[in-house]
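Below: one structure, written as structure tokens.
Just so it is clear, the structure is predicted and the values come from calculations on it, not from any experiment. Whatever order the structure lists them in is the order used to number ligands and atoms, beginning at 1.
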Amino acid sequence: MRLIRFFFEGQTSWGMVEEDIVVGTLGMGGPRTLASYRVADVTLLAPAEPTKIVCVGRNYREHVREMGHDFGGDLPSEPGLFLKGPNALADPGAEIPYPSWTSSLHYEGELAAVVGRRISQVSQAEALAYVLGYTCALDITARDKQRSDLQWFRAKSSDAFCPLGPWIETELSPGDLALQTRVNGAVRQSSRTSRMIFDLPAVISYVSQFMTLEPGDVILTGTPEGVGELHPGDQVEVEVEGVGVLRTSIA
Ligand code: MG
């Protein structure tokens, strides 16, 4: 099932897509609508209304190496986490401003999971049963400020630093999906989710030991190697196998 959050004639709704028609509705806190629409006629919105966006850093070995950290040759025993606030969400197709305070804006294409039911202290074996589905994320990062600021707050959680979408795919197994990031049509990142150091069940179980995840919360699972600079006018595509393509442009 493919779930979208969309805007049409002044109303924000959730819908279920079949072929090119939005046919159903789901609650998820928004107003309900029972009408049907052509997908082409509605404006797609980021498909989540999170209280927080939990992100994993350094979760693909080759990306860890390209960032100059090799864990001394050993893999970490625990995932490295950070948060983005809901302010960071951006819709599919959004045009993101290049902030004046950074001179090194980077793309990081990632698989994202959207939480379906409240999660607290779950095992790895139970974890995926609490996930509503999967979508594409672009973890926009001000790399210079990530290095110079004491915390990653500004570098990672500024407004519109988390484009998400274009929809949630519910019938998907996240363990071994192709993940690709293209900038102006050129492939910059190409990997598989099976190359994560901590897979999604491990991340969810770990986070849930100390933080309750609410329905709508989003988990970004980390980026593979090939990260790099964005420039004004760039067109970025993040594609996750079985989900689709998230398009973002840099103003
Ligand atoms: Mg990232």
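- Contacts classified as side chain to side chain donor-acceptor pair (under 3.5 Å) and involving residues 160-174 (residues at least two apart or in different chains) are not found.
- Neighbours of the Mg ion (ligand 1) restricted to protein N, O or S atoms under 2.8 Å: the count is 3.
- Salt-bridge annotation for R65 and E225: absent, with no side-chain N of the basic residue lying under 4.0 Å from a carboxylate O of the acidic one.
- Using a cut-off of 4.0 Å between Lys/Arg side-chain N and Asp/Glu carboxylate O, E237 and R188 are scored as not salt-bridged.
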Show your working on ring pair (Phe, Tyr, Trp, His ring centres under 6.0 Å) between F6 and Y37 and close with a plain yes or no. CA-CA 10 Å; F6 66 97; Y37 310 96; 5.3 Å; yes

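- In this structure, L45 belongs to a hydrophobic cluster whose other members, linked by side-chain heavy atoms under 4.5 Å apart, are F7.
- Evaluation of the side-chain contact (heavy atoms from CB on, under 4.5 Å) rule for R192 yields D176, A178, S194, E241 as partners, not counting sequence neighbours.
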